[in-house]
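Being a predicted model, the structure only gives us computed values, none of them experimental.
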Amino acid sequence: MDLLREFIQWLGLTRLELGFWSFPILLGLIFLRAPIGLAMFLMGLLGWIFAMNGNPTPILAKLKSETYTTFSNYSLTIIPMFLLMGQFATLSGMSSALFKAAEGFLGHRRGGVAMASVGACAGFGAICGSSLATAATMGRTALPELRRYGYSGGFSTATLAAGGTLGILIPPSVILVIYAIITEQNIAKLFLAAFIPGILAAIGYVITISIYVRLYPDAAGTRPAVPWPERWRALAETWPVLAIFALVVGGIYAGWFTPTEGAAIGAAGTGLVALVGGNLTWRVLLEALIGTAKTTAMIFFIVLGASLYNNFLALSGAPQWLADYVLGQGFAPLLVLSVILVFYLIFGCVMDSLSMILLTVPIFFPVISGLEFGLTPEQVAIWFGILVLIVVEVGLITPPVGMNLFIINAMDRETPMTETYKAVLFFVGSDIVRVILLVAFPAITLFLLPV
Amino acid sequence: MLHSLVKWLARASAVIGGLVLLILIVLTTLSIIGREMSKAGHAMEGWLGQMILSLGVDEIRGTYELTEAGVAFAIFAFFPVCQFYGQHATVDVFTGGLRPRALAWLRAFWEVVLTLVIVFIALRLYEGMQRYLGNGETTLFLQFPVWWAYAVSVGAACVASLTAIYCAYARVAEAVTGRMILPEV
């Protein structure tokens with residue numbers, strides 16, 4: 001301990017300098033394959049000890065209650081509930097009902113089965129708050145159909161990987177919950193604001209598909225049209241999705257219940273659908289619980305590490321200093337915003353979205369909220385949240401580590417990864433166009449919100 | 001033998017945490033149905049409103065604090081399975097070029113550090129519980145002692161620590177022997 005104290009004195013860093021040094025070191029650890037939550041936890045711990053001149057007592061005292069209060073935080077309890085809801089959604093049989101309905105209306109068009117996959121993903125996203133689960137579930141349902149109707153391998157896998165991101169763009173969304181908690185915003189308003197950009201994402205993907213099949217006519221086969229009565233019947237089959245979505249998102253927004261209560265109702269409702277459909281046997285339930293457990297623990301370990309690290313950062317004063325510095329330079333607000341969004345796009349190629357948000361939003365958010373966009377502070381916070389949500393999700397479908405690409409590609413052994421990469425770039429392009437639109441016109445995101 | 005024991009322990013722990021989560025979900029849902037029915041009963045005039053009220057349905061008091069304590073327990077109980085199946089988020093691109101053996105040692109190193117941190121967290125949590133032992137502090141509605149909530153979490157954190165120690169051992173063994181022991185996915 002004495003040695004440590006001497007070392008710290010020899011370094012002679014101020015708290016602010018400690019804060020700034022901690023970030024590159026943290027990144028170094030993460031790039032050396034340290035589990036992200038662990039790296040943040042360690043840097044938070046060391047940061048506190050260094051900032052206290054080698055005295056570990058304050059942080060040791062803090063850690064007596066820190067884990068329990070983080071894990072028992074009522075706002076955060078929404079996360080395991082939404083994750084379990086996603087597991088139930090996978091088992092509910094709704095993915096095939098949605099696909100059948102979307103295929104009925106779109107399937108006979110050029111590239112129609114791919115469009116239907118996107119439509120079904122959007123519907124599934126309304127009851128599932130996770131992109132990976134959406135990609136995996138819709139992939140199992142739609143990939144065999146796409147291949148059956150002669151869609152090329154890379155085009156099929158890219159469509160489903162991109163469609164999977166709708167899982168998180170369309171509310172409910174686990175990432176938005178985290179963002180809401182970090183920035184102390186209203187979850188219901190964020191969900192509402194995400195709705196139009198989510199629909200725009202689906203429309204953008206459909207347009208992308210129709211461009212793609214015109215450029216590469218061989219990439220898609222055709223299928224006969226489905227008679228109208230059958231289309232309506234297939235659509236009617238999807239009513240539980242609409243009912244659950246309306247109840248959960250509407251109920252939270254109308255103030256009937258808290259977001260956590262809404263998540264509980266959503267999980268119960270989706271579980272019920274799975275149970276009635278006969279898909280929820282005891283064995284399957286156990287697997288669903290274990291699946292929920294893996295993801296929940298992964299997320300909460302990062303949340304814990306991030307909370308400790310951000311605590312140290314706040315103590316160092318680095319985020320505030322950075323915000324003051326950027327504001328003092330008088331940069332154009334849109335320039336700063338664009339730089340941040342590009343940063344997320346690049347970083348998203350190597351890091352998962354949740355870690356990125358927990359790591360960087362506490363640093364960037366003070367900067368953004370200090371800038372003048374001609375909007376109220378709440379509007380800026382919500383707008384920025386939706387933009388960040390979209391750019392970090394692009395990371396799921398960009399090489400080299402787009403998780404959605406891996407999940408879908410693993411289902412189709414005949415298609416080499418490079419084929420998927422080539423086709424997915426069209427969808428990435430569509431994402432970027434959408435981000436530019438939303439940056440240029442904040443009203444698209446904000447107009448559903450009451451003034 | 002030890003491997004299947006730890007695997008069973010981790011999975012059982014996840015299932016118990018998951019069942020607690022499931023019970024909380026059902027409890028919350030029933031509580032909201034009760035609350036809304038009671039509200040509707042109060043709002044309605046005449047016999048229908050009277051009938052609803054006479055059923056005595058209302059929200060289940062204390063759902064909030066049970067959710068907090070239960071979810072904290074569940075999350076601690078979820079840790080073993082996450083670690084056993086190597087599910088903690090990492091950035092793999094920059095170490096992708098390493099030779100398999102070097103990568104195995106790197107993984108083993110972080111697994112050991114992770115284990116130390118998990119045991120440390122469990123010990124801190126235990127210290128945290130000590131504060132509430134015998135100080136008589138209880139929750140608001142249900143009036144159960146706060147240390148109970150801590151105690152169940154400590155229990156789950158112990159299982160997490162045991163699993164973590166085994167995982168650290170297994171990763172080091174993987175690095176030494178070059179054979180995979182822990183499952184991926």
**Q.** Atom pair CD1 (A/I181) and CD1 (A/I79), whose distance is rounded to the nearest 0.5 Å
**A.**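 Here the interatomic distance stands at 5.5 Å.
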Q: Any chance you could measure B/I60, atom CD1, to B/L66, atom CG, to the nearest 0.5 Å?
A: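 The CD1 atom of B/I60 sits 9.5 Å away from the CG atom of B/L66.
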Out of [options], return the one with the most heavy atom pairs under 4.5 angstrom to chain B.
options	result
A/W256, A/Y68, A/F300	A/Y68
A/I265, A/V350, A/I299	A/V350
A/L60, A/L286, A/N73, A/T67	A/L60
A/A268, A/G266, A/G251	A/A268
A/E66, A/M351, A/M81, A/E261	A/E261

For [X], which atoms come within 4.5 Å of any heavy atom of chain B: side chain, backbone, both, or neither?
X	result
A/L76	neither
A/Q87	neither
A/I36	both
A/I30	both
A/A61	backbone
A/L354	neither

Q.
Looking at B/Y126, I'd like to know if its OH atom is crowded, meaning that more than 12 non-hydrogen atoms belonging to other residues, nucleotides or ligands lie closer than 6.0 Å.
A.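 Check fails, neighbour count at 12 or below.
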Q. Hey, is CZ on B/R101 packed in by over 12 heavy atoms from elsewhere, all under 6.0 Å?
A.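 Enclosed: over 12 neighbouring heavy atoms sit under 6.0 Å from CZ of B/R101.
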I'd like to know which of [options] tops the heavy-atom pair count under 4.5 Å against chain A.
options	answer
B/I32, B/V117, B/V93	B/I32
B/C82, B/G128, B/A89	B/A89
B/I118, B/T28, B/I121	B/I121
B/I75, B/L22, B/V71, B/D92	B/I75
B/F84, B/F120, B/F73	B/F120

**Q.** Positions in residues 37-44 of chain A that reach chain B, provided some heavy atom is under 4.5 Å away
**A.** A/L38, A/F41, A/L42
Is [Y] close to [X] at the side-chain level, that is, under 4.5 Å between some pair of heavy atoms?
X	Y	result
A/T360	A/Y344	yes
B/I181	B/Y166	yes
A/M85	A/I127	yes
A/C128	A/T137	no
A/L132	A/L396	yes
A/F88	A/L285	yes

Q) For B/S38 and B/E59, does a side-chain donor sit closer than 3.5 Å to a side-chain acceptor? A) no
[X] versus chain A, heavy atoms under 4.5 Å apart: side chain, backbone, both or neither?
X	answer
B/L114	both
B/L103	side chain
B/V81	both
B/Y64	both
B/E111	neither
B/L106	side chain

**Q.** Shortest non-hydrogen contact from A/M411 toward A/A135
**A.** CE-O, 4.4 Å
Q: Answer yes or no: is there a donor N or O on one side and an acceptor on the other, between the side chain of A/R33 and the main chain of B/R107, under 3.5 Å?
A: no
(Q) Students often mix this up, so state it plainly: with edges at 30° and 60°, are the rings of A/F31 and A/F347 parallel, tilted or perpendicular? (A)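 Correct class here is tilted.
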Q) Do any of residues 142-165 of chain B have a heavy atom less than 4.5 Å from a heavy atom of chain A, and if so, which, in residue order? A) B/A149, B/Y150, B/S153
Q. When you look at A/L359 and A/L26, which way does the side chain to side chain contact (heavy atoms under 4.5 Å, CB included) test go after all the steps?
A. CA-CA 10 Å; A/L359 188 61; A/L26 173 61; 3.3 Å; yes
Q. Hey, mind stepping through B/L182 and B/R171 against side chain to side chain contact (heavy atoms under 4.5 Å, CB included) and telling me if it holds?
A. CA-CA 8 Å; B/L182 292 178; B/R171 290 278 181 225; 3.6 Å; yes
